[in-house]
Amino acid sequence: FTLPQDTFQAPAGVTLYFSATLSNGSPLPSWITTYPDNTTSGRFTGLPAASDVGSYVVKVTASDGNGAIVSDEFSLTINKVDTITKITSISPQPSGLGQPIEISIEVDTNGGPAPSGSVVVGSSSASCTVVLNSNSGKCSLTLPQAGAHDIIAHYQGSQSHNSSVSGLLQQTVENCFSLDISAPNGNVTFSPQPNCGGTLYLPGTTVQVAANPDNNFIFTGWDNNTNQTGSPKVITVNASQQVVAGFTRKGDVNGDGSMDIIDSLFMLQVITGLRDSSQLILPVFDVNGNGINDSIDALFVQQCVVGMA
């Protein structure tokens, strides 16, 4: 800050010299200096710290060097840095009931020093706190009800920075659904993995479920229906569902849970036309894996039963 030229006036040819104190006569704060000291410039410089926020009354004295002096006072106010708080992202969007969301915030100082302190983020039903170590950060919270929630961020301010409040962003929370799949004698793989926390899916998620049999078993259908053998199975999750992946032991054509001499008999009956093939689980007929349902498979079953294979 430089004093206006008409603050003090002197006759032509007279040079004025300046000094300054606080109005009560105390020295200026250490961060305020005249430049250069006690000369004719009338210029003041300084870089206030956070602890220097406030108002000061500075007394400037002008002297002609011959004993004539005059003083004037002016006010100096150090304001806090203004801030603008923003919510930069919410993830995931939408979220599922019981699923944590991550909220990222930013406190803009328009080129001023980085803020310190904390930002409280959330809705009327849940909140979290970001402790700033720069001008940004993130925190997580879980909204307790399904529906639309207004999310807001409130920077609390600090000794050197003014507080500010962000605009509202809306977060949608949806009820999620379970997809329970049992797979005795095998396993299943999911794509994508549950996206709503734990084993839950957001409504409308399309899931591909692939069936993988254990050794010596064949995948024979979904939900005990041997006509539904497509794998992967495509499921659109709009409600909680239970799905059974069916696996049958090779050779167990009657589906009673074991491969025995009865299965061999049924195979021979189908081959000779004495039994309708629709009565058997045909995918497990081809025990030797040569691609043909024939008497060799029946013989192989018999050999297994008596321990010869």
Side-chain angles (χ1 to χ4, degrees), residues 50 53 79-181 188-210 232-243:
V53 169
N79 293 316
K80 291 185 177 183
V81 178
D82 286 332
T83 62
I84 301 173
T85 300
K86 307 171 186 176
I87 298 175
T88 55
S89 68
I90 301 177
S91 179
Q93 176 68 270
S95 59
L97 186 61
Q99 182 181 26
I101 61 173
E102 184 177 80
I103 305 172
S104 298
I105 60 91
E106 178 182 289
V107 180
D108 186 6
T109 59
N110 194 28
S116 59
S118 61
V119 181
V120 177
V121 187
S123 69
S124 59
S125 57
S127 64
C128 60
T129 300
V130 178
V131 178
L132 295 172
N133 55 16
S134 63
N135 70 329
S136 62
K138 61 183 64 175
C139 65
S140 297
L141 59 86
T142 301
L143 297 167
Q145 297 96 22
H149 298 259
D150 289 331
I151 306 296
I152 195 169
H154 180 197
Y155 172 50
Q156 307 291 294
S158 67
Q159 189 178 22
S160 57
H161 290 74
N162 286 317
S163 64
S164 57
V165 179
S166 73
L168 294 174
L169 282 186
Q170 194 169 85
Q171 174 72 8
T172 301
V173 179
E174 298 183 344
N175 286 306
C176 292
F177 302 109
S178 62
L179 184 58
D180 297 324
I181 299 182
V188 295
T189 54
F190 301 82
S191 180
Q193 293 296 309
N195 55 11
C196 192
T199 60
L200 301 177
Y201 284 94
L202 288 167
T205 303
T206 298
V207 183
Q208 291 189 341
V209 184
K233 179 182 178 70
V234 178
I235 301 172
T236 300
V237 182
N238 284 312
S240 293
Q241 300 182 48
Q242 290 186 329
V243 178

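Computed from heavy atoms alone, side chains included, the values below leave out hydrogens, waters and symmetry copies.
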What are the two closest non-hydrogen atoms of [X] and [Y], and how far apart are they?
{"X": "Leu141", "Y": "Val121", "result": "CD2-O, 3.7 Å"}
{"X": "Pro94", "Y": "Gln171", "result": "C-NE2, 4.0 Å"}
{"X": "Ser140", "Y": "Cys128", "result": "O-CB, 3.3 Å"}
{"X": "Gln241", "Y": "Thr236", "result": "NE2-O, 3.4 Å"}
{"X": "Val130", "Y": "Cys139", "result": "CG2-SG, 3.7 Å"}
{"X": "Pro115", "Y": "Leu132", "result": "CG-CD1, 4.0 Å"}

Donor-acceptor check, side chain of [X] to backbone of [Y], threshold 3.5 angstrom: yes or no?
{"X": "Ser127", "Y": "Gly122", "value": "no"}
{"X": "Thr88", "Y": "Ser104", "value": "yes"}
{"X": "Asp150", "Y": "Gln170", "value": "no"}
{"X": "His149", "Y": "Pro144", "value": "no"}
{"X": "Gln208", "Y": "Thr206", "value": "no"}
{"X": "Tyr155", "Y": "Ser116", "value": "yes"}

(Q) Taking NZ in Lys80 as the centre, count heavy atoms belonging to other residues, nucleotides or ligands within less than 6.0 Å. Is the count above 12? (A) yes
Q. Does a sphere of radius 6.0 Å around CG in Asp180 hold more than 12 heavy atoms from other residues, nucleotides or ligands, not counting ones at 6.0 Å or beyond?
A. yes
Heavy atoms, side chains only, cut-off 4.5 Å: are [X] and [Y] in contact?
{"X": "Ile84", "Y": "Asn110", "answer": "no"}
{"X": "Val173", "Y": "Ser95", "answer": "yes"}
{"X": "Val209", "Y": "Val243", "answer": "no"}
{"X": "Leu143", "Y": "Ser123", "answer": "yes"}
{"X": "Phe177", "Y": "Ser240", "answer": "yes"}

Rounded to the nearest 0.5 Å, what separation is found between the [atom1] atom of [X] and the [atom2] atom of [Y]?
{"X": "Ser91", "Y": "Glu102", "atom1": "OG", "atom2": "CD", "result": "6.5 Å"}
{"X": "Ile90", "Y": "Ile103", "atom1": "CD1", "atom2": "CD1", "result": "5.0 Å"}
{"X": "Lys86", "Y": "Asn135", "atom1": "NZ", "atom2": "CG", "result": "9.5 Å"}
{"X": "Ile151", "Y": "Leu169", "atom1": "CD1", "atom2": "CG", "result": "8.5 Å"}
{"X": "Ile152", "Y": "Ile87", "atom1": "CD1", "atom2": "CD1", "result": "7.5 Å"}
{"X": "Ile101", "Y": "Gln99", "atom1": "CD1", "atom2": "CD", "result": "9.0 Å"}

Q) When the ring planes of Phe190 and Tyr201 are compared, do they come out parallel, tilted or perpendicular, using 30° and 60° as the limits? A) tilted
(Q) Side chains of Thr85 and Ser164 only: does a donor on one sit below 3.5 Å from an acceptor on the other? (A) yes
